[in-house]
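Below: the structure, in structure tokens.
The model shown is predicted, which means the values in this text are computed figures rather than measured ones. Basis for what follows: all heavy atoms, side chains included, without hydrogens, waters or symmetry-related copies.
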Amino acid sequence: VVGCRAIMESPITGKAGLTRLLAVFSETFGLGRAAAISAILLVGSGTIFAVFWFFHSAPPHTITITSGPEGSAFQRSAEKYSKILARSGVKLKVLPSAGSLENLQRLGDPAFRVDIGFVQGGVTNGVTTDQLVSLGSVAYEPLLVFYRSATPAELLSELNGKRLAIGPVGSGTRALASALLQANGIETGGPTVLLDLDAEAATKALLTGTVDAVFLMGDSASTENMRQLLRTPDIQLFDFTQADGYARRIHYLNKLQLPRGVVDFGKNIPPHDVSLVAPTVELVARAKLHPALVDLLLEATREVHGGAALFQRRGEFPAPLEIDIRLSDEARRYYGSGKSFLYRSLPFWLASRLNRILVAFVPMLFVLIPGLRLIPTVYQWQIRLRIYRSYRALLSVERG
């Protein structure tokens, strides 16, 4: 009975409430009935839009990163990011891949569900990057070329005609190795055998003698494989004596130095300074990535990559370097001035909510209040137009 009575009385209550609301608008803004109804519709539509935008613009709780093979430097960095983002309530799903080229292809494919990924400089040829942005470079990625020989090799062209493991299809290792070999006149289809072995298989093949040289990088090789080869007496690390020239000719390469004895001081590994070439690794995102997450990700990269390491100085990374993909506006702002005040002073989700309240509701007040004041003027203008039209008709009759 109570429920039926409430249903029967609800239209009357609604009508009474609307009447009171009309009275409030009429008395507060000096509006007539039609103007008050228009004001209510304006306020209601503005509030609905602001509430919709507030919830629709919330940053996602889960994002996906395409990293690299198991045990690679890319994979380890992604796992560290995941732990850091979890402190702010954001879950980072780590999706293994073959390396940089596959990461870039995944990011460029709208049908593939991924948000960010590691991309080595120099692998963007033939891949559409219009909808991608860079969050900056996060590390150097040196290329290590190991070969079996009694005498040191001075030029890459000396590997012509040998069996070379240049990395699996989809890896940045293969892309860079192919570019360097072509620069030395070693082409696919010639006497040189180019094998697409992964890092684990390539390491075993070099140790057993079934290949003559292997190309390894952090996007597809584990640190353990590289250390194992560095400690093997019969295997040498290629010294890029022409590293300066490669860095001049290939814009995304840098010259690095592996100091003598840095791997093992007691055994003096390596026995002399070794010059290496290295592209930088960019953290690439889709252009629609939520701006609040850009700050969060760059804070994670600063924590993971900001310290001193074998090939970098403290604070050198992350860096706003544009190699092949344009730097995002949010990242440019972060490198220029750091995090905004709210995100610097409050926990991530609280700062996100306050920021959305400021963006959604405060501007609404500056729009609605002048709009409400404008409504009476518009109605007066319409009424005057009607009077003027009638007055012209009366003047015509009077003249007649």
With the threshold set at 4.0 Å, does a side-chain nitrogen-carboxylate oxygen contact exist between [X] and [Y]?
X: Glu303; Y: Arg87; answer: yes
X: Asp273; Y: Arg260; answer: no
X: Glu322; Y: Arg332; answer: yes
X: Asp198; Y: Lys204; answer: no

[atom1]/[X] to [atom2]/[Y] distance, rounded to the nearest 0.5 angstrom?
X: Gln75; Y: Thr66; atom1: CD; atom2: OG1; answer: 9.5 Å
X: Leu206; Y: Asn225; atom1: CG; atom2: CG; answer: 11.0 Å
X: Asp244; Y: Ser275; atom1: CG; atom2: OG; answer: 7.5 Å
X: Arg286; Y: Ser328; atom1: CZ; atom2: OG; answer: 15.5 Å
X: Leu289; Y: Leu132; atom1: CG; atom2: CG; answer: 11.5 Å
X: Leu92; Y: Thr62; atom1: CG; atom2: OG1; answer: 9.5 Å

May I ask you to decide if [Y]'s main-chain N or O and [X]'s side chain share a donor-acceptor pair within less than 3.5 Å?
X: Arg148; Y: Val211; answer: no
X: Asn103; Y: Ser67; answer: yes
X: Arg76; Y: Gly71; answer: yes
X: Thr64; Y: Lys93; answer: no

Do the side chains of [X] and [Y] join up, straight or via other hydrophobic residues, at under 4.5 Å, putting them in one cluster?
X: Leu155; Y: Tyr147; answer: no
X: Ile250; Y: Val119; answer: no
X: Leu216; Y: Leu310; answer: yes
X: Leu321; Y: Val304; answer: no
X: Leu327; Y: Tyr252; answer: no

Please find the pair of heavy atoms, one from [X] and one from [Y], that lie closest to each other, and give the distance.
X: Pro291; Y: Glu330; answer: CB-CG, 3.7 Å
X: Ala98; Y: Pro168; answer: O-CG, 4.5 Å
X: Gln312; Y: Gly307; answer: NE2-O, 3.0 Å
X: Gly99; Y: Pro69; answer: N-CD, 4.4 Å
X: Pro279; Y: Leu176; answer: CD-CD2, 3.9 Å
X: Asp264; Y: Arg231; answer: OD2-NH1, 2.9 Å

Within a radius of less than 6.0 Å around [atom1] of [X], do more than 12 heavy atoms belonging to other residues, nucleotides or ligands occur?
X: Tyr391; atom1: OH; value: no
X: Gln257; atom1: CD; value: yes
X: Glu154; atom1: CD; value: no

Does the side chain of [Y] come within less than 4.5 Å of [X]'s, by heavy atoms?
X: Phe311; Y: Leu258; result: yes
X: Phe240; Y: Leu180; result: yes
X: Ser100; Y: Met217; result: no
X: Leu159; Y: Phe215; result: yes
X: Val133; Y: Val294; result: no
X: Leu181; Y: Leu194; result: yes
X: Arg174; Y: Leu101; result: no
X: Phe238; Y: Leu143; result: no

*Angle class for the Phe74/Phe118 ring planes (parallel below 30°, perpendicular above 60°, tilted otherwise)?*
tilted

*Not counting sequence neighbours, list each pair that qualifies as a side-chain hydrogen bond (donor to acceptor under 3.5 Å, both in side chains) and has a residue in residues 132-144.*
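Sorted result for residues 132-144: Ser134-Glu282, Ser137-Thr280, Tyr140-Glu316.
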
*asked:* With side-chain contact (heavy atoms from CB on, under 4.5 Å) as the criterion, how do Phe146 and Thr232 come out once you've worked through the C-alpha distance, each side chain's angles and the decisive distance to 0.1 Å?
replied: CA-CA 10 Å; Phe146 296 95; Thr232 303; over 6 Å; no

*Check the pair Val284 / Thr129 against side-chain contact (heavy atoms from CB on, under 4.5 Å), numbers first and verdict last.*
CA-CA 10 Å; Val284 176; Thr129 60; over 6 Å; no

*asked:* Evaluate Tyr81 against Thr301 for side-chain contact (heavy atoms from CB on, under 4.5 Å), listing each step before the verdict.
replied: CA-CA 7 Å; Tyr81 290 178; Thr301 63; 3.3 Å; yes

_Qualifying residue, where the test is side-chain contact (heavy atoms from CB on, under 4.5 Å) with Val214 and the options are Ile235, Val145, Thr203, Leu229_ = Leu229

_Test side-chain hydrogen bond (donor to acceptor under 3.5 Å, both in side chains) on Glu299 and Tyr334; report intermediate values, then the result._
CA-CA 10 Å; Glu299 285 294 307; Tyr334 175 88; 2.4 Å; yes

*Kindly determine whether Glu102 and Arg106 satisfy salt bridge (Lys or Arg N to Asp or Glu O under 4.0 Å), including the steps that lead there.*
CA-CA 6 Å; Glu102 186 176 8; Arg106 286 176 175 180; 3.1 Å; yes

*Worked verdict on Leu104 versus Ile325 for side-chain contact (heavy atoms from CB on, under 4.5 Å)*: CA-CA 11 Å; Leu104 187 63; Ile325 301 173; 4.2 Å; yes

